[in-house]
Amino acid sequence: MVRRTHRCGELREEHVGREVVLNGWVDVLRDQGRGLVFLDLRDRTGITQVVFESGIDGEAMTLARSLRREDVAAVRGVVRRRAGGANPRLATGSIEIEAREVEVLNRAEQPPILPDDAEAAKMDEEVRLRNRHIDLRRPRMQQILGLRSKVTRIAREYFHERGFLEVETPLLIRSTPEGARDFVVPSRLHPGEFYALPQSPQLFKQILMVAGCDRYLQICRCLRDEDPRADRQAEFSQIDLEMSFTDREEVIETMGGFARRLWKETLGVEVPEIPRMTWTEAMNRYGIDRPDVRFGLDLVDVSDLVRESPFAVFADAVRTLHRGRPGCVKAIRVPGGAAALSRKATDALGEMAKSFGLGGLPLAKVTAAGFETGVAKHLEGIAAPLRERLGLAAGDLVLFGVGRWEVVCKALAEIRLRLGRDLGLIDDSVWRFLWVVDFPMFEYDEEASRWVALHHPFTAPMPGQEPLLETDPGACLSAGYDLVLNGSEIAGGSIRIHRREIQEKVFSLIGLTAEEADAKFGFLLRALRHGAPPHGGIAFGLDRVVMHLAGTDNIRDVIAFPKTQSGADLLCDAPSAIDEAQLKELRLSVRADPTR
RNA sequence: GGGGCGGUAGCUCAAUUGGUUAGAGUACCGGCCUGUCACGCCGGUGGUUGCGGGUUCGAGUCCCGUCCGCCUCGCCA
């Protein structure tokens, strides 16, 4: 094989006159007849046009004309200015290669798909995933792979500059309670026992801090056996970090700096100092702990206004206790919504409200005189305070979420987002970063009758709040922090508990007995006994960060070999049955489906 | 586990109310073409209509089941 001297996206006018060799794939062949053939040769750097003219020997011309899409070829020739005028759509468009010699390195069968971005956009994703080896040849896919590579490179640079040590943690670990469902791996040497694949390296990185590593970095795979979504995959990657002798301020400062450097070096975007919002404000104003603050449509609580209202739907909701906690009524004012939203549109929002567990979506149009349509007549008694609190003006539409606080928040948060999108209120060109802080340590799980860690059970209380663990756990704030970008959580972390008594207290609050805690997390508790420094950290969702930078809303676009909605890898057809001998060696047997 | 959408040629799609031999573009194959770059012109090959049942004189179309893909609720400390 003739080895290449350049890659297919590199040659420019300055190379004119040079003899070069290119290797690549046949993008397309434009055969003009026996005397003239154009070949577009492609590799991941781009496309270069090669010309075969009558001057070349007949055998080479015949070979050139036999080339087909996705064949692999080598071409030797001389760079020259384009005789037929430049092609502005190609980076190499002002030059072409006058071919002297061509070698076919490998013939391709007719490809099931072509590596064409425009085609791929229309194509069934299933077909692309089955033929990922071709799909990844597309310029867009190569660009994203390159972007992802750049992100991890910048991460290593940035954190190595700041004294972080890159350490690998195990993939085969023990299954622990709490959190997502574990993927599990049977042990051959310990029949009947299983490893779990890590949901994150959380405990290992904490132990690395106890072990004196000071600052830790890992670009690691995390595995959670839960159903995927458009932005979520069972197997995903994190840029995982931990720092010793630190506090919330230092972590936020360090990680904000990383985010700013990332955006600067990948997109050339200057991200200003990242503002903060408390969890309480986020929930009250947006109904969600990762608010998209690119637009308004804030939620406004009107529970107090409707409490004495004769409208039973509202008043009863506010008076009803849901497992000990009162319900609420929250409103969204949609400026100009009376005209902007059709009956069909508001009906769709109502359906959406129901799908999120609300009874419906009461609404009314605002007029100069009062309200009309929907629940208008029930609002008359509280018209004045409602107008004042929501700032209502004629032509507005007002929507109400009624019921359990959590349900109202979740449903109105989603409805707000949909309204923002449908009404064109969201500026896609802006990057609105936000630190969400001051999370509660726990929320109470009524069904299980115990506290559940909002973040995870290794998150420390805010300094000074430790006594609340004894007196009022529900009021205790944690030293956790989430980095939110345009309504998507791209990083989350916390200052960790480094004192054994506190950790034991938290375990007992979430319902673990001392024996259970010792059985499941004894290795952590033991480590905390032997000189654990104050420490904390964070993990960036690598896939999500790359999604944002690449401008895609599909996580599969930023993973070279992603899985489908059902957890299948269509390229290698995993998962699959294993043979009897493997099962026997593991002393496993597969039971029939008990539901059949 | 629930809800929604989809599955017809390698790919993207069409096919009236259930009715002739399931069509088109593209790709592919053959021929022609000396400045193309979505090359062009002429001709041709290509189908288990996801799979299995059922209804019917007749099913891509209707019914039942099932598989696969996407979106989503639950789930995701």
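Letters A, B, ... are given to chains in the order of the sequence lines, protein chains preceding strands, and every chain is numbered from 1. Values reported hereafter were calculated over all heavy atoms of this structure, with side chains retained and with hydrogens, waters and symmetry mates removed.
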Nearest to side-chain heavy atoms of [X], which nucleotide of [options]:
X	options	value
Arg65(A)	C33(B), U36(B), C11(B)	C33(B)
Arg89(A)	A38(B), G74(B), C68(B)	A38(B)
Gln49(A)	G30(B), C37(B), C39(B)	C37(B)
Arg556(A)	G69(B), C73(B), C70(B)	C70(B)
Arg224(A)	G69(B), U12(B), C76(B)	C76(B)
Thr564(A)	G69(B), U36(B), C71(B)	G69(B)
Gln565(A)	G35(B), C33(B), U72(B)	U72(B)

Checklist entry - Which part of the nucleic acid, if any, lies within reach of Gln199(A) when heavy atoms closer than 4.0 Å are counted: base, sugar-phosphate only, or nothing? => result nothing
Next on the checklist: Regarding Glu125(A), tell me which of base, sugar-phosphate or nothing describes its non-hydrogen contacts under 4.0 Å with the strands shown.
Outcome noted: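 It contacts sugar-phosphate atoms only.
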Item to check | C32(B) phosphate, OP1 or OP2, under 4.0 Å from Arg34(A) side-chain N/O | outcome: yes
Checklist entry - Arg69(A) side chain N/O closer than 4.0 Å to the phosphate oxygens (OP1, OP2) of G10(B)? => result no
Item to check | Separation of the C1' atoms in G7(B) and G60(B), to the nearest angstrom | outcome: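 Per the computed distance, 12 Å lies between those C1' atoms.
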For [X] and [N], give me the distance from atom [atom1] to atom [atom2], rounded to whole Å.
X	N	atom1	atom2	answer
Asn87(A)	G35(B)	CG	P	17 Å
Arg418(A)	U72(B)	CZ	P	13 Å
Lys354(A)	U72(B)	NZ	P	22 Å

